[in-house]
Amino acid sequence: MQQSGVPGSRGCALCPLLGVLFFQGVYVVFSLEIKADAHVRGYVGENIKLRCTFKSSSSVTDKLTIDWTYRPPSSSRTESIFHYQSFQYPTTAGTFRDRISWVGDVYKGDASISISNPTMKDNGTFSCAVKNPPDVHHNIPATELTVTERGFGTMLSSVALLSILVFIPSTVVVILLLVRMGRKSAGLKKRSKSGYKKSSIEVSDDTDQEGDDCMAKLCVRCAECVDSDYEETY
């Protein structure tokens, strides 16, 4: 914490944004800055991450502490839900029991937590406080959490996205194949009406096909003859 000996007016509108507090006639400059999302929206049953980051002028030591508190809507009562000092200590009582997880990294300036199986009863204000002695004076940001059910509109948008990614390309391919088949059929009809005669190559292909059919029939007939001779010997 650094203090400037220059007194100032209490009407400094930019002081909170700059990490400055007017206290007892002097400006107190925060050497520890904390940031968190002002508003977070989540859905029932889906894990929610509450982000909190900090910057300290001092190196992180085992004296660093992190505290998360919760205040229900329309209430002044606060509840401690998580404490950190070298180890994680999530609350073991109350509505958040066994539902708070540590997802931060103090060496990266991350003090975030996660809430599992959230319900609409979890709506309220969450505050993140960090102390890294000698940096103990700081702002305390608040996060307003709103948990709702996933509505029909959300599910409909997911279905629409699936349709765009899967069904529409498939439909386009089918349409292209039908158009190609239609053009081919129209061409054959046009040739038959105009007395179209097959080329020598096409006639040769038809002859080869007929020859293959005759050869297959001959093989079957020979097999039948062999079977009949074999039966007569017995």
Side-chain angles (χ1 to χ4, degrees), residues 1 16-21 29-155 157-159 161-162 165:
M1 181 181 68
L17 300 177
L18 298 175
V20 179
L21 174 66
V29 181
F30 296 150
S31 51
L32 179 62
E33 180 184 5
I34 306 175
K35 293 183 179 180
D37 296 329
H39 301 279
V40 173
R41 184 180 182 86
Y43 298 100
V44 173
E46 300 181 17
N47 289 4
I48 299 174
K49 183 177 181 179
L50 299 181
R51 302 178 185 275
C52 178
T53 59
F54 64 90
K55 291 182 179 180
S56 176
S57 61
S58 302
S59 300
V60 173
T61 67
D62 56 0
K63 295 182 179 179
L64 180 142
T65 62
I66 299 172
D67 288 282
W68 277 90
T69 58
Y70 166 73
R71 179 171 56 83
S74 304
S75 174
S76 59
R77 179 181 59 86
T78 60
E79 172 186 353
S80 176
I81 61 172
F82 181 85
H83 176 74
Y84 175 94
Q85 186 172 5
S86 298
F87 297 97
Q88 307 95 41
Y89 300 96
T91 182
T92 57
T95 58
F96 293 97
R97 178 181 179 181
D98 298 329
R99 294 198 297 128
I100 302 296
S101 300
W102 169 250
V103 294
D105 185 342
V106 294
Y107 296 101
K108 295 182 179 180
D110 191 350
S112 304
I113 61 173
S114 176
I115 304 175
S116 61
N117 299 318
T119 67
M120 289 186 286
K121 293 182 180 180
D122 297 335
N123 290 342
T125 304
F126 294 80
S127 298
C128 173
V130 181
K131 293 183 179 181
N132 185 35
D135 297 344
V136 295
H137 295 278
H138 58 81
N139 60 315
I140 301 180
T143 299
E144 291 291 336
L145 175 63
T146 303
V147 182
T148 59
E149 292 276 3
R150 278 197 179 275
F152 177 75
T154 304
M155 293 187 293
S157 63
S158 300
V159 173
L161 180 60
L162 180 63
L165 296 177

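- Qualifying side chain to side chain donor-acceptor pair (under 3.5 Å) partners for Ser80, counting only residues two or more places apart in sequence or in other chains: none.
- In this structure, the side chain to side chain donor-acceptor pair (under 3.5 Å) partners of Ser58, at least two apart in sequence or on a different chain, are Asp135.
- Side-chain atoms of Trp102 do not come within 3.5 Å of backbone N or O of Phe82 as any donor-acceptor pair.
- Remark: Arg41 engages Thr148 in a side chain to side chain donor-acceptor pair (under 3.5 Å) (not counting sequence neighbours).
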Enumerate donor-acceptor pairs with a distance under 3.5 Å from any side-chain N or O in residues 123-131 to protein atoms, sequence neighbours excluded.
{"residue": "Asn123", "atom": "OD1", "partner": "Val147", "partner atom": "N", "Å": "2.5"}
{"residue": "Asn123", "atom": "ND2", "partner": "Met120", "partner atom": "O", "Å": "3.2"}
{"residue": "Thr125", "atom": "OG1", "partner": "Arg71", "partner atom": "NH2", "Å": "3.4"}
{"residue": "Thr125", "atom": "OG1", "partner": "Glu144", "partner atom": "OE1", "Å": "3.2"}
{"residue": "Thr125", "atom": "OG1", "partner": "Glu144", "partner atom": "OE2", "Å": "2.6"}

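- Sorted by first and then second residue, the disulfide (SG to SG under 2.5 Å) pairs involving residues 55-126 (not counting sequence neighbours) form an empty list.
- To the nearest 0.5 Å, the span separating OG on Ser57 from CG on Leu32 amounts to 7.5 Å.
- Not counting sequence neighbours, Asp37 has no partner by the salt bridge (charged side-chain N to carboxylate O under 4.0 Å, His left out) test.
- For Asp110, the side chain to side chain donor-acceptor pair (under 3.5 Å) partners at least two apart in sequence or on another chain are Ser112.
- Among residues at least two apart or in separate chains, there is no disulfide (SG to SG under 2.5 Å) pair with a member in residues 55-123.
- The distance from the CG atom of Asp67 to the OG1 atom of Thr78 is 11.0 Å, given to the nearest 0.5 Å.
- Between atom CD1 of residue Ile113 and atom CD1 of residue Ile66 there is a gap of 10.0 Å, rounded to the nearest 0.5 Å.
- Summarising the geometry of Pro118 relative to Arg99, their closest heavy-atom pair is CA-NH1, 3.7 Å, with the distance given to 0.1 Å.
- Distance check, rounded to the nearest 0.5 Å: OG1 of Thr69 to CD of Glu79 gives 9.5 Å.
- For Ser74, the side chain to side chain contact (heavy atoms under 4.5 Å, CB included) test picks out no residue, with sequence neighbours left out.
- Here the straight-line distance linking atom CD1 of Ile100 with atom OG of Ser116 works out to 7.5 Å at 0.5 Å rounding.
- Counting heavy-atom neighbours within 6.0 Å of Arg51 CZ, excluding the residue itself, gives a total of 12 or less.
- Checked against side chain to side chain contact (heavy atoms under 4.5 Å, CB included), Thr53 has the following partners two or more places apart in sequence or in another chain: Lys35.
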Enumerate, atom names and distances included, each donor-acceptor pair closer than 3.5 Å involving a side-chain atom of residues 87-95, sequence neighbours excluded.
{"residue": "Thr91", "atom": "OG1", "partner": "Ala93", "partner atom": "N", "Å": "3.2"}
{"residue": "Thr91", "atom": "OG1", "partner": "Ala93", "partner atom": "O", "Å": "2.9"}

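- Here Thr143 contributes atom OG1 and Leu50 contributes atom CG; the two are 6.0 Å apart, rounded to the nearest 0.5 Å.
- Gly42 and Ile48 make their closest contact through CA-CD1, 3.7 Å (heavy atoms, listed as atom of the first residue, atom of the second, distance).
- Residues forming a salt bridge (charged side-chain N to carboxylate O under 4.0 Å, His left out) with Glu46 (at least two apart in sequence, or on another chain): Arg150.
- Minimum interatomic distance between Asn117 and Asp122 (heavy atoms only, all atoms of both residues): O-OD2, 4.4 Å.
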